[in-house]
Amino acid sequence: MYNKKIDEKWQKEWEEKKQAKFNKENVDKKYYCLEMFSYPSGAKLHVGHWYNYGPVDTFARFKKLQGYEVFQPMGFDAFGLPAENYAIKTGVHPYDSTMKNIDTMEKQLKAMGAMFNWDAEVITCKEDYYKWTQWLFLKLYEMGLAYRKKANVNWCPSCNTVLANEQVINGLCERCSSVVTKKDLTQWFFKITDYAEELLDGLKDLDWPEKTKKIQTNWIGKSNGTIATFKVEGKDLSFDVFTTRVDTICGVSYVVLAPEHELVPKLATKENVEKVNEYIEKCKLVTEIDRLAEDREKTGVFTGSYAINPVTGDRVEIWIADYVLSTYGTGCVMAVPAHDERDFKFALKYKLPVKQVIKPVDDERIDLTKEAYTKPGILINSGKFDNLTTEEAKNDITKYLKEKELGDFKTSYRLRDWLVSRQRYWGAPIPIIYCDECGVVPVPEKDLPVKLPYNVEFKPDGKSPLAKCKEFVNTVCPCCGKKAKRETDTLDTFVCSSWYQFRYPDNKNDKKIFDTEWIDKMLPVDKYVGGPEHAAMHLLYARFITKVLRDAGYTKVSEPFKSLVHQGLILGPDGNKMSKSKGNVISPDEYVNKYGSDVFRMYLMFGFNYSDGGPWSEDGVVSMSKFILRLERILDKILQLPDNDNNVINENEKDLLYVFNSSLKGITNDLENMQFNTAIAKIMEITNALYKYDKDVEIKNTKMLKELAKKFIVVFAPFTPHFAEEMWNRFGGEFSVFNQKYIKVDEKYLTKDTTELPVQINGVVRFKVEIPTNLDEKQIEETVVNDERLKKYTIDKEIKKVIVVKSRIINVVVK
RNA sequence: GCGAGUAUGGCGGAAUAGGCAGACGCACAGGACUUAAAAUCCUGCGGGCUUCAAAACCCGUACCAGUUCGACUCUGGUUACUCGCACCA
């Protein structure tokens with residue numbers, strides 16, 4: 001009887017016989033199947049890991065049976081805040097706790113029985129990995145893609161570190177939900193904005209969920225517009241504004257700069273400087289969460305200076321206001337209250353003029369005392385641009401500005417450079433040395449890795465823990481040999497995970513980050529599976545780094561993940577997200593121990609639509625256990641049937657073979673699309689058909705039956721690998737069932753002599769007819785029209801039309 | 001506010017390309033086996049109406065319209081929930 005012992009027996013056998021080994025000579029048939037690696041913050045695998053890895057392993061095994069050389073590696077994203085926070089709380093060193101967790105999780109992953117290639121394992125906190133993460137940093141530095149700048153950055157006061165924009169969720173820290181504040185710091189950035197256009201453009205060819213592509217598209221946030229230069233009246237100063245509605249430029253009634261804008265101190269006049277400074281100070285105190293609050297009242301202050309409209313020559317007030325973001329566009333906007341909602345509200349509050357320059361095309365009435373008219377229309381009050389449409393005017397006005405050298409077409413992106421410095425201990429040290437003589441000096445490649453020291457005081461106080469470790473900080477300059485200091489910040493863990501897909505296939509290379517020729521054979525990843533929460537961060541960063549490596553000449557690959565799938569989320573039995581505080585956490589171990597790993601995996605695959613997930617159900621697991629035992633009983637019964645000479649294929653045999661082959665066709669198709677739930681439904685149908693045959697037929701065709709059973713075992717093997725290996729063995733199959741060829745559909749059993757077709761009268765199904773499969777449409781129509789049962793629907797009526805959809809349906813229209 | 005998605009029995013969920021709504025499973029009910037229970041095997045199972053029973057008929061995929069011989073599926077609108085973005089100029 002299937003149980004946990006069977007799991008263990010075959011796991012041992014698979015390991016001994018290296019089932020998961022990747023045979024390099026078959027690389028032309030490679031299938032790189034990758035699941036997002038584990039983050040060993042908790043001590044154990046949770047249901048989410050299982051839901052990611054179990055079903056995908058089924059997919060990988062299916063690919064193996066189809067004849068692919070499957071590469072399915074596993075590893076650990078081992079640096080990061082949770083281990084460090086745990087250390088702060090308990091005093092256990094992050095390295096020790098992480099390694100212990102990895103040890104436990106490896107054991108659990110092995111007990112899952114997935115076909116992971118452990119020879120290819122990577123652990124990001126180990127020297128042989130982070131050496132290359134540091135190398136990657138140096139490469140970016142060399143290419144001018146890593147740079148240092150002072151910036152007003154997102155600061156989490158609880159984690160005591162800066163955060164990338166992507167890590168700020170609604171003004172809160174992604175990890176601890178503290179309110180994020182701002183801080184001026186000199187930090188390292190990666191120039192991801194250089195790749196904005198390509199990152200956007202590359203999306204269209206990817207086999208990714210549309211939603212994920214959309215998230216990335218929004219995140220990159222491309223918009224086409226115009227840049228226009230406003231000169232400051234009476235001063236030798238000017239500034240640029242970015243606008244997507246240059247057609248409204250004649251309606252500019254004031255301009256606004258972000259409070260952080262560098263020109264602001266020069267623009268504040270004597271009378272206004274006090275008010276301006278006061279306002280700037282006030283803005284600094286506003287937290288991200290307040291700033292984002294809906295319907296927040298707009299505030300601002302007049303600088304006392306005036307700007308000249310480059311088209312009309314009009315003189316307009318220069319204001320500063322924090323509704324203008326210093327980080328987008330140029331940090332300055334031209335305000336057109338008549339045609340922009342925000343400008344309108346602001347103008348109303350501060351009694352600034354409103355000038356209409358666009359009128360609706362079809363003369364919809366618009367009351368400009370109450371709201372702004374933001375739609376495109378026809379220009380008015382715009383001098384020589386009058387009567388142009390919005391689209392024409394955008395083009396003409398920009399060209400006019402360009403001629404006068406006061407503007408040009410311009411594309412802006414919402415995407416900002418990736419801030420990679422972290423003021424934390426548990427990460428890869430940034431390989432940079434600061435020398436009084438030579439300035440910023442990259443650590444030479446031969447000196448890598450810059451080792452993360454073990455004995456460090458990592459209690460957080462806003463400074464990098466490494467700064468307190470003298471042995472680490474103090475070094476000599478690789479250029480001049482004089483005393484110098486190391487960079488003490490570490491790299492964002494997303495840097496570590498942005499390139500791991502390249503390291504797996506060549507994880508032991510100690511000469512290079514990876515071998516280019518080999519990697520170009522192994523990449524891209526054919527199927528990448530992980531949670532949708534990584535849509536904007538990990539997946540964007542990994543694409544960026546791939547393009548950087550390509551441009552550095554290390555690979556030909558431009559996109560790392562050809563095809564992407566997101567699994568859903570398994571909720572607690574109460575329908576809420578699993579959390580300790582809610583007490584609804586399901587532990588996989590309990591179930592795996594009780595029912596076996598195959599049962600657990602089957603339940604996860606059968607109970608939900610894979611990409612939706614849903615609430616956990618206790619009953620579902622029990623029923624799945626029952627199903628596997630039911631399947632085992634009928635297979636054992638077939639196995640024990642004494643052989644006979646009955647070779648007939650009659651109706652019963654045909655029915656069975658029909659169910660088998662049509663289900664097989666469906667299963668194959670479902671697996672390709674990761675529709676595990678429907679695939680398992682079809683496995684159940686085959687099982688039910690075997691029971692039915694067993695019940696209905698006294699003298700069985702045992703030869704056919706036994707052959708069919710063996711084929712069936714191969715078909716369901718990816719779903720229940722241990723159980724299937726066991727059954728394959730019982731049926732005398734040679735090890736391993738996964739070395740068999742996937743079963744082909746036998747088309748001859750898919751066609752039946754007659755088909756039952758539903759007959760509709762005016763679109764409502766009334767009865768069914770048995771139609772020989774070889775009849776054509778005309779003959780089918782005749783059969784139906786002459787059917788006795790049709791008569792009662794045609795009394796006093798006339799048959800207007802008969803629609804025959806071959807092998808589907810017949811619709812008789814009567815009136 | 002903008003954008004995207006989802007909505008199907010008591011429950012989880014199915015339904016190529018517009019063609020039998022509810023596959024498969026859970027729960028429930030009945031039967032067989034059993035001294036009995038469990039397990040197992042078999043059967044039934046959207047609602048209504050009718051009936052000794054059945055056939056037949058009517059309603060039914062969030063709601064309201066539309067296109068079509070035919071709509072869970074396509075179009076327009078409404079509601080609810082989920083997700084993404086959010087003062088992006």
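Throughout, protein chains are lettered first and strands after them, A, B, ... in sequence-line order, and every chain is numbered starting at 1. All figures in this text were calculated on a predicted structure; none of them were measured in a lab.
You'll find that the side chain of A/Glu685 is closest to B/A23, out of B/A23, B/A89, B/C20. Which of B/C41, B/G19, B/C57 sits closest to the side chain of A/Ile803 comes down to B/G19.
Atom CG of A/Asn218 and atom P of B/G1 are 18 Å apart (whole Å). Between A/Trp319 atom CH2 and B/C87 atom C1' the separation is 17 Å, expressed in whole Å. One atom, CD1 of A/Ile358, and another, P of B/A89, lie 16 Å apart when rounded to the nearest Å.
Between A/Asn609 and the phosphate of B/G12, there is no side-chain N or O to OP1/OP2 separation shorter than 4.0 Å. Regarding contacts with the backbone of B/A86, a side-chain N or O of A/Arg414 is found under 4.0 angstrom from either OP1 or OP2. Regarding contacts with the backbone of B/A39, every side-chain N or O of A/Arg633 stays at 4.0 angstrom or more from both OP1 and OP2. Proximity of A/Arg766 to the phosphate of B/C58: a side-chain N or O atom is located under 4.0 Å from OP1 or OP2.
Stacking of A/Arg601 on the aromatic ring of A/Trp50 is not recorded, the 6.0 Å distance cut-off and the 45° axial limit not both being met. Relative to the six-membered ring of A/Tyr413, A/Lys222 misses at least one condition, a distance below 6.0 Å or an angle of at most 45° to the axis.
Proximity of residues 328-341 of chain A to RNA chain B (heavy atom under 4.0 angstrom from any strand atom) is restricted to A/Tyr328, A/Val333. Taking every heavy atom of residues 616-631 of chain A and every atom of RNA chain B, pairs under 4.0 Å involve A/Asp619, A/Ser623, A/Lys626, A/Arg630, by number.
Nucleic acid contact class of A/Val805 (heavy atoms, under 4.0 Å, all strands): base. Looking at heavy-atom distances under 4.0 Å, A/Phe344 makes no contact with the nucleic acid at all. At a threshold of 4.0 angstrom between heavy atoms, the contacts of A/Lys792 are confined to the sugar-phosphate backbone, with no base atom among them.
Against the 90° criterion about 0, the sugar-base torsion of B/G30 places it in the anti range.
Using N1 to N3 plus N6-O4 or O6-N4 for Watson-Crick, or N1-O2 and O6-N3 for G-U wobble, each under 3.5 Å, B/G76 pairs with B/C64.
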